[in-house]
Visitor: 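What follows is a structure written as structure tokens; I'll ask about it next.
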Number of protein chains: 2
Amino acid sequence: APAGTRGISLFLVPKFLVNADGSLGARNDIGASGIEHKLGMHASPTCTMVMGDAGGAIGYLVGEENRGMACMFTMMNQARLGVGIEGVGIAERAYQQALAYAQDRKQGRAPGTKSDTSDAIIVHPDVKRMLLQMRSMTAAARSICYATAVAIDVSERAENAEIQGKATARAALLTPIAKAFSTDIGNEVASLGVQVHGGMGFIEETGAAQHFRDARITSIYEGTNGIQSIDLVTRKLGANGGESVWSLLEELSGIVDRVEASNDPAFRTTGIRLRDALDSLGRASRWLLEKLGSAPNDALAGATPYLRLFGSTLGGCMLANEALAAKDQVDDDKRYITLARFFAENVTVQSSSLERTVIDGADAVNGADAILLA
Amino acid sequence: APAGTRGISLFLVPKFLVNADGSLGARNDIGASGIEHKLGMHASPTCTMVMGDAGGAIGYLVGEENRGMACMFTMMNQARLGVGIEGVGIAERAYQQALAYAQDRKQGRAPGTKSDTSDAIIVHPDVKRMLLQMRSMTAAARSICYATAVAIDVSERAENAEIQGKATARAALLTPIAKAFSTDIGNEVASLGVQVHGGMGFIEETGAAQHFRDARITSIYEGTNGIQSIDLVTRKLGANGGESVWSLLEELSGIVDRVEASNDPAFRTTGIRLRDALDSLGRASRWLLEKLGSAPNDALAGATPYLRLFGSTLGGCMLANEALAAKDQVDDDKRYITLARFFAENVTVQSSSLERTVIDGADAVNGADAILLA
């Protein structure tokens with residue numbers, strides 16, 4: 001076989017062989033050894049598989065010889081959105097648990113009151129902030145994952161070739177963001193869930209710590225979030241002169257137009273933050289595109305903050321879009337508006353800083369050896 | 001005893017009683033039960049203590065009756081800086097381990113090369129970024145903790161009453177920042193340490209996960225970081241019309257003057273970021289001071305982003321101050337300058353966003369019930 005990844009083939013190696021008549025045959029020469037002690041995901045054991053201790057295992061080639069890496073990427077590409085949803089799922093569970101605890105746990109009194117009895121901790125602005133942060137980040141990640149799923153569906157089912165082509169490009173663009181941004185959020189939300197529980201959060205019995213432990217792998221497997229960021233910058237932004245980014249930015253700008261036109265005072269800062277973020281994302285994208293050609297290491301140095309900038313902007317626009325829909329369609333639209341507003345004021349607001357980090361940061365990153373290897 | 005915390009007294013309850021002649025006496029009626037299963041800190045068991053199962057334990061009053069809460073705060077105040085240093089210590093260990101791994105672990109090739117053999121992952125800009133983030137955040141937290149320790153020393157030893165008074169105010173101001181900012185950083189750095197290790201980081205044997213688990217308690221105990229933020233805003237900023245904040249800002253401005261005057265091109269963005277951050281911190285401080293009187297819940301809603309803004313600005317100035325000293329005194333000043341620059345471009349740069357979050361964010365936070373309780 002060729003050297004390296006070009007010589008990898010995929011085999012199915014069953015635990016039991018199958019007799020010619022279809023009945024269960026002999027035990028195959030394969031077994032698990034060395035089950036790993038992992039930080040989390042304890043319901044999904046990871047272990048070394050040992051083959052050939054008793055003469056040799058029988059395996060069946062799947063697909064073509066030397067095409068194992070390509071087969072693996074079929075799984076990997078599917079799994080990326082799946083892992084993003086895993087981040088959303090852990091975040092949602094962590095939020096629900098923290099919300100219930102904050103309504104139950106009594107400690108201190110509401111600011112400015114002097115009651116003899118304690119209040120539930122949810123009365124404290126800092127606890128409200130943590131819960132809103134959890135809820136709004138989870139909602140933003142969920143929206144991005146759903147938009148990715150829609151793009152994949154359309155790319156597979158559309159009968160119009162142009163629509164299909166655009167959806168394929170959209171799905172390709174959104175997948176690394178859905179994976180990395182949602183799993184970063186899964187980790188952040190699970191950590192806030194521990195924090196809302198205070199000291200009890202550190203006790204495994206409470207359950208908050210398990211989300212924190214489980215979530216940690218999602219930023220790593222199926223391509224680390226650093227790899228997703230590099231994929232976003234080099235392959236997705238880099239394709240067709242950034243065409244799929246420009247067309248998405250145009251759509252998002254339409255949402256922000258409607259936020260601005262709504263003249264709802266509760267939307268005022270939301271509109272400002274989203275417009276600023278779109279401008280930052282546009283400038284950072286153009287800068288990276290130019291560097292991809294002239295100084296690729298400078299583009300690579302900014303990949304991670306660029307993905308965060310993209311997710312913060314996209315998530316903010318999607319929550320605003322949901323709030324606009326709620327204003328038209330439901331009575332209790334206030335919660336959608338507050339959620340969009342909180343996300344814009346607390347997460348999307350970081351876009352201008354992230355733009356500066358992308359554009360200014362490459363020199364220090366690529367000069368890091370002076371420190372790291374000193 | 002009075003109700004609530006005013007009726008708490010502190011007792012010493014020994015495991016063994018002492019006979020009149022000083023020899024070891026009978027076993028006291030106290031024992032541990034229910035050792036907790038904790039996320040981390042497994043070398044420090046936490047358990048329920050049971051007294052009186054066999055007739056009653058003998059305890060000795062420490063200090064005055066009903067003054068137990070005050071005694072506890074003697075420990076707590078000391079512990080806050082200690083826990084901040086704990087954050088720094090875990091971060092430093094996580095960094096050293098990640099740096100060693102990144103130099104050892106081979107995967108992929110340096111961007112733009114086509115060698116037959118793999119390179120160590122430290123060649124990748126995204127890995128350099130993670131390591132610099134770890135190192136610069138650790139260095140900033142360490143500087144803040146040291147400055148706090150200096151202020152405490154001067155407050156205890158200075159013979160001049162004015163110097164002593166200023167040092168006391170400085171120590172009081174810096175303590176919640178040293179505790180909360182350093183432990184937040186401990187968590188962030190430990191998490192990056194796992195990330196640098198990739199899948200191996202999720203395996204307990206590697207050791208990276210232990211730092212991640214251990215660090216998690218430091219944001220919680222000896223007053224959660226939310227409590228530190230509230231202390232910073234209400235008691236420390238709120239004292240004497242913000243006097244201790246204004247005098248610190250003036251000192252920091254002197255550092256930034258020298259950064260700007262250095263005319264070193266590597267310092268250019270550092271000076272811009274630090275000046276912007278000082279302006280943001282000043283505006284946010286004035287806004288909070290005004291709200292403390294007129295709308296305390298609005299001030300409380302911004303406490304956590306305010307502490308982050310404070311730490312990011314202070315840490316950035318202190319690293320720049322170290323770089324200025326290095327320029328005067330050592331040959332390899334480049335690593336100090338790069339470290340200060342990276343922190344300014346990646347962490348301090350968030351100050352303007354944090355200012356906006358403090359000032360704009362209160363409405364959404366205090367209107368959270370529309371979402372949380374819907």
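Reminder, nothing fancy here: chain letters follow the sequence lines and each chain counts from 1. The model shown is predicted, which means the values in this text are computed figures rather than measured ones.
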Visitor: What part of Ser219(B) gets closer than 4.5 Å to chain A, counting heavy atoms only: side chain, backbone, both or neither?
Guide: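 The answer is both parts of Ser219(B).
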Visitor: What option among Ala301(A), Gly199(A), Ser351(A), Ala209(A) has the most heavy-atom pairs under 4.5 Å with chain B?
Guide: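 Top count of heavy-atom pairs under 4.5 Å with chain B: Ala301(A).
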Visitor: Go through the steps to decide whether Ser191(B) and Arg216(A) satisfy the test side chain to side chain donor-acceptor pair (under 3.5 Å), and finish with yes or no.
Guide: CA-CA 8 Å; Ser191(B) 182; Arg216(A) 193 63 194 79; 3.1 Å; yes
Visitor: Gln133(B) versus chain A, heavy atoms under 4.5 Å apart: side chain, backbone, both or neither?
Guide: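 Contact with chain A involves no heavy atom of Gln133(B) at all.
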Visitor: Once you round to the nearest 0.5 Å, how far does CZ of Phe202(A) lie from CZ of Arg213(B)?
Guide: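 Result: 8.0 Å between the selected atoms.
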Visitor: Using non-hydrogen atoms and a 4.5 Å limit, figure out which bit of Met130(B) sits close to chain A: side chain, backbone, both or neither.
Guide: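 For Met130(B), no heavy atom lies under 4.5 Å from chain A.
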Visitor: Using every non-hydrogen atom in the two residues, find where Gly367(B) and Lys334(A) come nearest and quote the distance to one decimal.
Guide: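 Minimum heavy-atom contact is O-NZ, 4.2 Å.
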Visitor: In terms of heavy-atom pairs under 4.5 Å with chain A, which of Ile122(B), Leu132(B), Ile230(B) leads?
Guide: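 The candidate making the most pairs under 4.5 Å is Leu132(B).
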Visitor: Which bit of Arg268(B) is near chain A, if near means a heavy-atom gap under 4.5 Å: side chain, backbone, both or neither?
Guide: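 It is neither, since no heavy atom gets under 4.5 Å.
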Visitor: Heavy-atom distance under 4.5 Å to chain A: side chain of Asp369(B), backbone, both or neither?
Guide: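 The side chain, not the backbone.
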Visitor: Measure the CZ-CD1 distance between Arg356(A) and Ile272(B) for me, rounded to the nearest 0.5 Å.
Guide: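 Going from CZ on Arg356(A) over to CD1 on Ile272(B), the span is 8.0 Å.
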Visitor: Let me know if Tyr221(B) has heavy atoms under 4.5 Å from chain A in its side chain, its backbone, both or neither.
Guide: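 Contact with chain A is absent: no heavy atom of Tyr221(B) under 4.5 Å.
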Visitor: Name the region of Tyr336(B), side chain, backbone, both or neither, that has any atom closer than 4.5 Å to a heavy atom of chain A.
Guide: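 Tyr336(B) has no heavy atom closer than 4.5 Å to chain A.
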Visitor: Would you please test Ile220(A) and Val194(B) for side chain to side chain contact (heavy atoms under 4.5 Å, CB included) and show each step?
Guide: CA-CA 9 Å; Ile220(A) 295 172; Val194(B) 172; 3.9 Å; yes
Visitor: The test is side chain to side chain contact (heavy atoms under 4.5 Å, CB included); show your working for His124(B) and Leu300(A) and say whether it passes.
Guide: CA-CA 8 Å; His124(B) 298 291; Leu300(A) 291 169; over 6 Å; no
Visitor: Please classify the contact of Ile337(B) with chain A as side chain, backbone, both or neither, using a heavy-atom distance under 4.5 Å.
Guide: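 It is neither, since no heavy atom gets under 4.5 Å.
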Visitor: Please state whether the side chain, the backbone, both or neither of Leu99(B) comes within less than 4.5 Å of a heavy atom of chain A.
Guide: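 Side chain only.
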Visitor: With a 4.5 Å cut-off on heavy-atom pairs, point out which of Pro296(A), Ala362(A), Ser118(A), Pro305(A) contacts chain B the most.
Guide: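 With the most close heavy-atom pairs to chain B, the winner is Pro305(A).
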Visitor: Applying a criterion of heavy atom separation less than 4.5 Å, what residues of residues 105-112 of chain B form contacts with chain A?
Guide: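 Answer by number: Pro111(B).
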Visitor: Tell me which of these, Arg129(B), Glu36(B), Gln103(B), has more heavy-atom pairs under 4.5 Å with chain A than the rest.
Guide: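 Ranked by heavy-atom pairs under 4.5 Å with chain A, first place is Arg129(B).
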Visitor: Run the side chain to side chain contact (heavy atoms under 4.5 Å, CB included) check on Tyr95(A) and Leu372(B) step by step: do they pass?
Guide: CA-CA 10 Å; Tyr95(A) 166 70; Leu372(B) 301 176; 3.4 Å; yes
Visitor: Nearest 0.5 Å, please: how far is OG in Ser353(A) from CG in Asn346(B)?
Guide: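 The CG atom of Asn346(B) sits 10.5 Å away from the OG atom of Ser353(A).
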Visitor: Under the side chain to side chain donor-acceptor pair (under 3.5 Å) rule, what do Thr269(B) and Asp360(A) come out as? Steps first, then yes or no, please.
Guide: CA-CA 8 Å; Thr269(B) 53; Asp360(A) 295 335; 5.4 Å; no
Visitor: Looking at Glu205(A), Met41(A), Arg273(A), which one has more heavy-atom pairs under 4.5 Å with chain B than the rest?
Guide: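 Winner by heavy-atom pair count: Arg273(A).
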Visitor: Is the side chain of Thr338(A) donor-acceptor paired with the backbone N or O of Ala364(B) at a distance under 3.5 Å, no angle test?
Guide: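 Checked: no pair found.
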Visitor: Using a cut-off of under 4.5 Å for heavy-atom pairs, which of Gly4(A), Gly40(A), Gly361(A) has the most such pairs with chain B?
Guide: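 Among Gly4(A), Gly40(A), Gly361(A), the one with the most close pairs to chain B is Gly40(A).
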Visitor: If you measure from CD1 on Ile371(B) to CZ on Arg341(A), what distance do you get to the nearest 0.5 Å?
Guide: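 Ile371(B) atom CD1 to Arg341(A) atom CZ measures 11.0 Å (nearest 0.5 Å).
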Visitor: Look at Ile203(A), Asn187(A), Thr224(A), Ile217(A) and state which one has the largest set of heavy-atom pairs under 4.5 Å with chain B.
Guide: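 Heavy-atom pairs under 4.5 Å are most numerous for Ile217(A).
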Visitor: What part of Thr304(B) gets within 4.5 angstrom of chain A, counting heavy atoms only: side chain, backbone, both, or neither?
Guide: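 Contact with chain A involves both backbone and side-chain atoms of Thr304(B).
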Visitor: For each of Asp363(A), Leu373(A), Asn366(A), Thr5(A), tally heavy-atom pairs with chain B at distances under 4.5 Å, and name the one with the top tally.
Guide: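 Of the candidates given, the most pairs with chain B belong to Asp363(A).
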Visitor: Between Lys128(A) and Val365(B), does the side chain to side chain contact (heavy atoms under 4.5 Å, CB included) criterion hold? Intermediate values first, please.
Guide: CA-CA 6 Å; Lys128(A) 288 185 207 285; Val365(B) 171; 4.1 Å; yes
